There are 4 protein chains.
Amino acid sequence: MFNIDQRSSTPIYQQLVQEIKEAILRGALQPGDKLPSVRDLASRLTINPNTIQKSYQELERQKVIETLRGKGTFVCLDYQAREDKEKMRELKENLRKTLVEAHYLGLDQERIVKLVRQLMQELGIGEGLE
Amino acid sequence: MFNIDQRSSTPIYQQLVQEIKEAILRGALQPGDKLPSVRDLASRLTINPNTIQKSYQELERQKVIETLRGKGTFVCLDYQAREDKEKMRELKENLRKTLVEAHYLGLDQERIVKLVRQLMQELGIGEGLE
Amino acid sequence: MFNIDQRSSTPIYQQLVQEIKEAILRGALQPGDKLPSVRDLASRLTINPNTIQKSYQELERQKVIETLRGKGTFVCLDYQAREDKEKMRELKENLRKTLVEAHYLGLDQERIVKLVRQLMQELGIGEGLE
Amino acid sequence: MFNIDQRSSTPIYQQLVQEIKEAILRGALQPGDKLPSVRDLASRLTINPNTIQKSYQELERQKVIETLRGKGTFVCLDYQAREDKEKMRELKENLRKTLVEAHYLGLDQERIVKLVRQLMQELGIGEGLE
DNA sequence: GTGGTCTAGACCACA
DNA sequence: GTGGTCTAGACCACG
């Protein structure tokens, strides 16, 4: 289901956030779909329920999923990107960092753009959200 | 000199590594140039010397700079991009993550590629190292 | 009829209590009026009957409505505001919390008072119950 | 220091968030001040460190406090209210609820406004943030 | 059944 | 020293 690397240095809960967002992006999870319950996912991934909980809450803060009390957690029907200057700044910073790394690995402009396009295709990024 | 954000969630030593690599990339630091001493930089940036030290060690490990005992620390003359599958894997992972974020911020394919090209130009990334 | 938001973080049964009290306040429900039966309301709002039941019990506890066995549930004819130090304490606590939030949203004294007066007018709060 | 009621039904971490915001509002905590460390506050309030942590992280998300890695947590120097339609909606909802309660406790328009003004004075709410 | 909160205790990275 | 993450296990409110 979701691909978690226990040995990775990036926190498990962040990995899960990322995995779920990707799953939604590529359509494996559709708007309105029910996510596995905290306990269920925890036992399947052999991860502590609190950790799953943290991921779900983070996704809820980002308005990607929503919880209906007593019923479970669901992919939002109406996700819409909101202008967020802070996040945009962070995005650029991350991208800078990544591009510098790419350069030091010997990739030139064209190979980088090619890689970006390839990854976008894998992820299913097309013409925006709206 | 170097742009450090104490509040950022990315560790200071990593920010500094990043800043130095960028300075080399855009030519502000040339191969063979001497870097400021640990103490000097620490006092100028009002950062703990141990933190500067950690950055220099990391850059040395990456063969970007080298220390000549008693003389100081210098930008390597002969940086060679090496094939590094592990780093390549990390790079792709970071890029995936960044692209997913970009999508959720509402950017479409074209705007992302545009942003990538713009940042590469700012950084001075051209036709590769070799 | 009643406005329930399944996604809200406040429990459904509490939302319903609130809605019914508001309906009485603005006169949509008059003293002596019959409330819909639990089953009826449950099916109309697509909410679990237990939840409706809980709301009615809470309102009965507060002496806002009363149940006549075999006949149904009715808005009390003779609601009397009672001095209740515990509830008064809670009220102040809630108000404090709300006012702090308002401040952190950038509202100043005058805008807050204006908002309070506006809401009271909408709700139909005038010169007290007695 | 901070007033926490272990028996209250509102979560401890939320109470603490509220208490800290009030302390800043009335000037007991000034912009730039260091907050007690997680462990310190935990032992003083005899509350689990994780709970304190949760409060601090919530406040950080709200840009009320910020953490400097390895140094501690500090009241933000530059808090500024941001337009947030979602929060504004919530605020009005809370206020409605509170006003309805006030009415059912027998308070009329004038007594409510008086109470609001009194609480704002106690809290130190004046002419807005800027 | 669901998610939300809390405790106890552990380990880690950062400065 | 600081905060950040994770586990284990418990209890609660809600529907």
Side-chain angles (χ1 to χ4, degrees), chain A residues 4 6 8-16 34-43 45-58 60 65-74, chain B residues 4 6 8-16 42 45-55 58, chain C residues 4 6 8-16 42 45-55, chain D residues 4 6 8-16 34-43 45-60 65-74:
Chain A
I4 301 297
Q6 298 264 13
S8 166
S9 65
T10 70
I12 293 173
Y13 84 95
Q14 279 183 22
Q15 288 182 52
L16 185 53
K34 186 176 185 307
L35 290 163
S37 83
V38 169
R39 290 161 169 83
D40 178 21
L41 194 50
S43 75
L45 300 177
T46 56
I47 283 173
N48 189 289
N50 288 330
T51 306
I52 310 285
Q53 177 82 324
K54 199 168 178 181
S55 302
Y56 279 16
Q57 286 182 344
E58 175 61 23
E60 194 166 9
I65 66 178
E66 60 189 355
T67 114
L68 274 57
R69 278 167 330 302
K71 292 192 174 174
T73 309
F74 302 83
Chain B
I4 301 298
Q6 298 263 13
S8 166
S9 65
T10 70
I12 291 173
Y13 86 95
Q14 278 183 24
Q15 287 183 54
L16 186 53
L45 300 176
T46 57
I47 282 176
N48 191 310
N50 294 331
T51 306
I52 309 286
Q53 184 70 356
K54 195 164 181 180
S55 302
E58 174 62 20
Chain C
I4 301 297
Q6 298 262 14
S8 165
S9 63
T10 70
I12 291 172
Y13 85 95
Q14 278 182 25
Q15 287 182 55
L16 186 53
L45 300 176
T46 57
I47 282 175
N48 191 310
N50 293 330
T51 307
I52 309 286
Q53 184 70 356
K54 196 164 179 180
S55 302
Chain D
I4 301 298
Q6 298 265 10
S8 165
S9 67
T10 71
I12 293 173
Y13 84 94
Q14 279 183 22
Q15 289 181 53
L16 186 53
K34 187 179 183 305
L35 290 162
S37 83
V38 170
R39 290 161 169 82
D40 178 21
L41 194 50
S43 74
L45 300 177
T46 56
I47 283 174
N48 190 289
N50 288 331
T51 306
I52 309 286
Q53 176 83 323
K54 199 167 177 181
S55 302
Y56 278 17
Q57 286 181 344
E58 175 59 24
L59 285 165
E60 192 165 10
I65 66 178
E66 60 189 355
T67 113
L68 274 57
R69 278 168 329 301
K71 292 192 176 176
T73 309
F74 302 83

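The structure presented is a predicted model; accordingly, all values stated were derived computationally and were not measured. Chain naming here is simple, since letters A, B, ... match the order of the sequence lines and numbering starts at 1 in each.
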- Message: How would you summarise protein contacts on nucleotides 9-15 of chain F per nucleotide, using B for base, S for sugar-phosphate only and - for none, with heavy-atom distances below 4.0 Å?
- Response: B----BS

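In this structure, E58(D) atom CD and dT5(E) atom P are separated by 10 Å, rounded to whole Å. Atom CD1 in I52(A) sits roughly 12 Å away from atom P in dA8(F) (whole-Å rounding). The nearest whole Å value for the distance from the CZ atom in F74(A) to the P atom in dT2(E) is 11 Å. The nearest whole Å value for the distance from the NZ atom in K34(A) to the C1' atom in dT2(E) is 7 Å. Atom CG in L59(D) sits roughly 12 Å away from atom P in dG4(F) (whole-Å rounding). Per the geometry, CD1 belonging to I47(A) stands 10 Å off C1' belonging to dC6(F), to the nearest Å. If you measure from atom CG of L41(D) to atom P of dG1(F), you get 17 Å, rounded to the nearest angstrom.
A 4.5 Å side-chain heavy-atom check between N48(A) and Q53(A) finds every atom pair outside the cut-off. The side-chain heavy atoms of Y56(A) and S37(A), taken from C-beta on, include no pair separated by under 4.5 Å.
Here the CD1 atom belonging to I65(A) is positioned 10.0 Å from the CD atom belonging to E58(A), to the nearest 0.5 angstrom. Atom CG of L45(B) sits about 9.5 Å away from atom OG of S55(B), to the nearest 0.5 Å. Rounding to the nearest 0.5 angstrom, the gap separating the CD atom in E66(D) from the OG1 atom in T73(D) is 9.5 Å. Distance check: Y13(A) OH to Q57(A) CD gives 11.5 Å after rounding to the nearest 0.5 Å.
Distances shown here put a side-chain N or O of T73(D) below 4.0 Å from the OP1 or OP2 atom of dG3(F). Contact check, Q53(D) against dT5(F): no side-chain N or O comes under 4.0 Å of OP1 or OP2. Within the 4.0 Å cut-off from OP1 or OP2 of dG4(F), at least one side-chain nitrogen or oxygen of Q57(D) is found. Of the side-chain N and O atoms in T67(D), none sit less than 4.0 angstrom from OP1 or OP2 of dG3(F).
Nucleotide dC14(F): paired with dG1(E) (Watson-Crick or G-U wobble, both distances less than 3.5 Å). When both distances must be under 3.5 Å, the Watson-Crick or G-U wobble mate of dA8(F) is dT7(E).
Between L41(A) and the options I47(A), L16(A), L35(A), a side chain to side chain contact (heavy atoms under 4.5 Å, CB included) holds for only L16(A).
Mapped onto DNA chain E by nearest heavy atom, G72(A) and Q6(D) fall at different nucleotides, with G72(A) at the one closer to the 5' end. Place E60(A) and T46(D) on DNA chain E by their nearest nucleotides, and E60(A) ends up nearer the 5' end.
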